[in-house]
Structure formats: C-alpha cells, structure tokens
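This report refers to the structure that appears directly beneath it.
Model, not experiment: these values are computed from the prediction. Quick note: numbers below take in every heavy atom, side chains included, and nothing from hydrogens, waters or symmetry partners.
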Amino acid sequence: MKELPKIYFEKLLESSPDIVVAVDRRGTIIFYNDGAKQTLGYTAREVLGENVSMVYPSADEARRVMAALRADQGGHGHIHNFECQLKNKAGHIVPVAMSGSLIYDQRGKEHGSIGFAKEIAELQLREQIETLGELAIGLAHEINNPLESLVNNVELLDRFLKKHAASDDYRAEHERLAAMKRELRRIQAIVERVGEMAASGTYGTIEYLPGKLMADLGIEDRPEDEPAAKEAEPHHLSGKTVLVVDDDPDVSRSVREILEDEGCKVVVSHSGSEALHELDRQPVDLVLSDVVMPDMDGYQLFRKLQSTRPNLPIVLMTAYYYDKDHVLKRSAANGLKDVIFKKPIKPARLIQLIDARIGA
C-alpha cells in the first residue's frame with residue numbers, strides 16, 4: 001500500500017472539529033488547528049510560539065496533563081479521554097476529554113506532545129440532567145407514600161368528627177380539615193409536576209432574583225379547590241375481605257382503616273411473597289397492591305395470581321409518576337383492569353373503585 005504524503009495528515013488535523021494542539025519539549029505551541037480556534041477563540045497567530053499554559057486555567061492543570069502522559073497508567077506516553085480543563089480567550093473554563101501522545105525522536109528522547117480534545121460540557125450537562133431527573137422521580141415517590149398516609153388520616157379524622165362531634169364543633173373542625181386537605185392537594189400538585197418534568201425532560205424557568213433562575217412548576221395555574229362533592233352513594237363492602245399489599249406500614253395501616261370503616265375485613269401483607277402465603281391461608285375478595293416492592297413487584301404478583309387465581313380481582317397502585325419499567329403498561333396489556341396511577345388516591349375514589357369490583 002502506498003504511504004500517504006504528510007500533507008494529507010496535516011490537512012486532516014487542520015480541518016478536525018476537535019481541538020488539536022501540538023507542543024515542543026519546552027511546551028511551546030507549534031500546531032493549532034481550526035477546531036481549537038472555534039472552541040477556544042484564539043487565532044493561530046495569537047498562540048503559535050506561546051507556551052501551552054495560556055490555554056489552561058492554571059499551570060497546575062497543564063502539569064497534571066503532562067504528568068498523566070508520563071505516567072504508566074494506560075501505557076507510557078499516552079492518555080485516552082482524560083478529563084481536564086482548558087481556558088478560552090474570554091477566560092471561561094472549557095471541560096474537555098483529552099487523548100494524546102508524547103512524541104519521541106530517533107534516540108528515544110522526548111521531542112514534544114500532541115493532544116486531541118473534545119468539549120464535554122454538553123455531555124456533562126446531559127448526565128447532570130439525567131441524574132437530577134432520577135433524583136426527582138425518587139423524591140416524588142418517597143414523598144407520595146407519607147402523603148398517602150396523611151390524606152387517609154385526615155379523611156379518617158373527618159369521619160370520626162362527623163360521627164362523634166356536636167354540630168357546631170364539627171363545622172369548626174371541618175373547616176380546619178378542609179384547609180389541611182387543600183394544602184395536601186397543593187403538595188400533591190407540586191410533586192406531580194416534578195414527576196412530569198422529570199419524565200419529559202423539559203421545563204420552563206422563571207427569575208426569582210435578578211440573574212437567578214428556578215424551574216417554573218406552573219402550579220398557580222391549577223385549581224386549588226375541588227368542586228363540591230356529591231352526596232355520597234351507599235357502598236356495599238360490608239363482609240368483603242380485601243388483601244392490602246404495601247411495604248410502607250403507614251400507608252397499609254391508613255388504607256386498612258379506611259376500608260374497615262366501610263365494613264371490610266382487611267388483611268395486610270408487606271411484600272408480594274408474604275401476600276402469596278396469606279392467600280394460601282384464607283380466601284379474599286380483592287387484592288390491592290403497591291407496584292414497587294423489594295422482593296416481588298406488583299406486576300410479578302399480578303402475573304402470579306393471574307395464572308393461579310384468574311378470577312380474583314386485582315388493583316395496582318403506585319406512588320411513581322413515571323412508569324420507567326413499563327410495569328403498568330405490561331400489566332394492562334396482560335389484562336389488568338384497574339391501576340391507581342399517582343398516589344395518594346382520594347379515599348372516596350378508592351372505595352368507589354373497590355365497590356365497583358366486588359360490591360354486592
């Protein structure tokens with residue numbers, strides 16, 4: 001094969017969109033390409049003949065790169081995707097991944113070095129956004145479980161006062177409970193919006209201080225109060241048995257109390273495998289299960305019961321706003337009829353849903 005003339009390689013380096021800089025053994029810049037000019041802002045005339053430290057934020061950073069080149073890790077005289085920082089003409093830091101080699105003469109003496117650097121600010125930003133998205137989804141889930149317990153307990157307290165307090169006392173306390181419910185709905189709307197933003201990866205910003213931005217949740221556009229509730233319809237759950245499966249003890253306890261107040265017998269399990277053992281011990285009319293659990297998720301429990309107890313109604317509920325693993329989609333595709341997506345569910349809606357499945 002015929003060897004390419006040197007000019008071909010020079011033209012290739014000159015036109016590369018990546019930063020390409022070569023220095024002699026004293027650190028003087030002897031080659032500087034168009035990609036470097038576009039990213040760093042210096043022209044070749046401004047940097048050729050100057051010390052390479054001018055394109056680093058500090059002499060220490062330049063020495064760090066040279067130390068990596070001379071280290072034994074990854075092969076003496078070479079670096080590959082070594083993360084470091086350069087400095088552009090405006091004085092701003094440019095994070096890069098650098099690959100390079102030391103150049104030796106025929107006697108094996110160090111003659112200089114050449115480095116190829118790719119800007120990674122965009123990549124770092126994407127990774128940061130991904131991390132923040134995962135954090136937001138996890139945070140929404142962790143908030144939703146105690147929020148579910150709070151919503152249920154406020155409902156239970158309202159029911160207790162309605163039964164046992166004098167009319168005037170009930171009116172006064174009911175107003176306080178109504179205010180608590182409104183604030184809980186506001187928290188729920190915030191958590192829901194954070195989950196939506198994390199799932200979509202898009203959001204707007206607003207200025208909260210001069211030059212300081214924050215994510216625009218758009219909560220003020222959402223109604224704070226719900227329309228007045230219709231007269232509660234009678235339910236027919238007395239004597240029915242519901243198995244509640246949730247690894248959060250506060251959620252399972254509050255759901256149990258809500259259902260027991262409707263006349264249900266409630267059995268509680270804190271994992272999918274525990275639920276299967278419980279079903280072997282006694283019959284139930286319906287299974288109400290969380291989706292995300294440590295040993296067996298709600299989808300796996302649903303599939304197991306679908307094959308062993310095909311006529312047993314199952315309802316899945318989740319505190320996640322983002323069906324990352326498509327648990328809910330897979331469940332629906334396999335015949336699941338009821339999914340409570342986005343806890344906390346209003347107790348009245350939960351009772352209505354169960355009544356529709358097993359009420360008689």
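- Counting only heavy atoms from C-beta outward, the side chains of Leu286 and Leu243 never approach each other to under 4.5 Å.
- Considering all non-hydrogen atoms of both residues, Thr39 and Ile19 come closest at CG2-CD1, 3.7 Å.
- For the residue pair Leu316 and Gly298, the shortest heavy atom distance occurs at CD2-O, 3.7 Å.
- For residues 16-69, the set of pairs meeting the ring-ring contact (aromatic ring centres under 6.0 Å, His included) definition, not counting sequence neighbours, is empty.
- Scored by the side-chain hydrogen bond (donor to acceptor under 3.5 Å, both in side chains) test, Asp168 finds Arg171 as partners (sequence neighbours excluded).
- Closest of all the heavy-atom pairs between Asn152 and Ser254 is ND2-OG, 3.0 Å.
- Shown here are the side chain to side chain contact (heavy atoms under 4.5 Å, CB included) partners of Met66, two or more places apart in sequence or in another chain: Leu69, Arg70, Leu102, Glu110, Ser113.
- Within the structure, the salt bridge (charged side-chain N to carboxylate O under 4.0 Å, His left out) test picks out the following pairs touching residues 33-58 (sequence neighbours left out): Glu46-Lys89.
- In terms of heavy-atom proximity, Ser289 sits nearest to Met293 at OG-CE, 3.5 Å.
- Among residue pairs with one or both ends in residues 156-195, those qualifying as ring-ring contact (aromatic ring centres under 6.0 Å, His included) are Phe160-His164, Tyr170-His174; sequence neighbours excluded.
- The shortest heavy-atom contact between Lys87 and Pro57 is CB-N, 3.8 Å.
- Residues Val266 and Ile358 share a hydrophobic cluster, clusters being chains of Ile/Leu/Val/Met/Phe/Trp/Tyr side chains in contact below 4.5 Å.
- To the nearest 0.5 Å, atom NZ of residue Lys304 and atom CG of residue Leu279 are 11.5 Å apart.
- In terms of hydrophobic clustering, with Ile, Leu, Val, Met, Phe, Trp and Tyr side chains grouped at heavy-atom distances under 4.5 Å, Met317 and Leu353 are assigned to a common cluster.
- In terms of modelled atom types and a separation under 3.5 Å, the side chain of Asp285 and the main chain of Thr241 share a donor-acceptor contact.
- Looking at residues two or more places apart in sequence or on another chain, you find a side chain to side chain contact (heavy atoms under 4.5 Å, CB included) between Lys118 and Asp18.
- Contact check on Lys181 versus Glu155 returns a salt bridge, with a Lys/Arg side-chain nitrogen under 4.0 Å from an Asp/Glu carboxylate oxygen.
- By the criterion of side-chain heavy atoms lying less than 4.5 angstrom apart, applied directly or through intervening Ile, Leu, Val, Met, Phe, Trp or Tyr residues, Ile120 is not grouped with Ile93; the two fall into different hydrophobic clusters.
- Taking 4.5 Å as the limit, every side-chain heavy atom of Val242 sits out of range of all side-chain heavy atoms of Lys265.
- Counting only distance, with no hydrogens or angles, the side chain of Thr28 and the backbone of Asn51 share no donor-acceptor pair below 3.5 Å.
- Scored by the side chain to side chain contact (heavy atoms under 4.5 Å, CB included) test, Asp261 finds Arg159, Lys163 as partners (sequence neighbours excluded).
- Counting heavy-atom neighbours within 6.0 Å of Arg25 CZ, excluding the residue itself, gives a total of 12 or less.
- Under the 4.5 Å side-chain contact rule for hydrophobic residues, Met296 and Val284 share a cluster.
- Sorted pairs that involve residues 88-120 and meet ring-ring contact (aromatic ring centres under 6.0 Å, His included), not counting sequence neighbours, are lacking altogether.
- The side chain to side chain contact (heavy atoms under 4.5 Å, CB included) check on Leu150 picks up Leu184, with sequence neighbours excluded.
- To the nearest 0.5 Å, atom CZ of residue Arg253 and atom CD1 of residue Ile258 are 10.0 Å apart.
- Counting heavy atoms from C-beta outward, Cys84 and Val96 have side chains that approach closer than 4.5 Å.
- Rounded to the nearest 0.5 Å, atoms CG (Asn153) and CD (Glu257) are 6.5 Å apart.
- Gln38 pairs by the side-chain hydrogen bond (donor to acceptor under 3.5 Å, both in side chains) definition with nothing, not counting sequence neighbours.
- With values rounded to the nearest 0.5 angstrom, Leu259 atom CG is found 7.0 Å from Leu288 atom CG.
- Taking every heavy atom of both residues into account, Val20 and Asn33 meet most closely at N-OD1, 3.0 Å.
- Here Cys264 contributes atom SG and Ile354 contributes atom CD1; the two are 6.5 Å apart, rounded to the nearest 0.5 Å.
- Taking CG of Leu13 as the reference point, atom OG of Ser15 lies at 8.0 Å (rounded to 0.5 Å).
- You'll find the side chain of Gln85 stays beyond 4.5 Å of the side chain of Val94, heavy atoms only.
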For residues 267-276, dump all side-chain donor-acceptor pairs below 3.5 Å to protein atoms at least two apart in sequence or in another chain.
from   : atom 1 : to     : atom 2 : distance (Å)
His270 : ND1    : Asp246 : O      : 3.1
Ser271 : OG     : Ser273 : OG     : 3.4
Ser271 : OG     : Glu274 : N      : 3.1
Ser273 : OG     : Asp295 : OD2    : 2.4
Glu274 : OE2    : His270 : N      : 3.4

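- Side chains of Met180 and Glu183 form no contact here, defined as non-hydrogen atoms less than 4.5 Å apart.
- Applying the salt bridge (charged side-chain N to carboxylate O under 4.0 Å, His left out) definition to pairs two or more places apart or across chains, those involving residues 55-68 are Asp60-Arg63, Glu61-Arg64.
- For the 3.5 Å distance criterion, the side chains of Gln300 and Arg303 fail to qualify, holding no donor opposite an acceptor.
- Between Leu48 and Ile30, the closest side-chain pair of non-hydrogen atoms is not below 4.5 Å.
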### side chain to side chain contact (heavy atoms under 4.5 Å, CB included) between Val287 and Leu305, worked out
CA-CA 10 Å; Val287 174; Leu305 295 179; 4.1 Å; yes
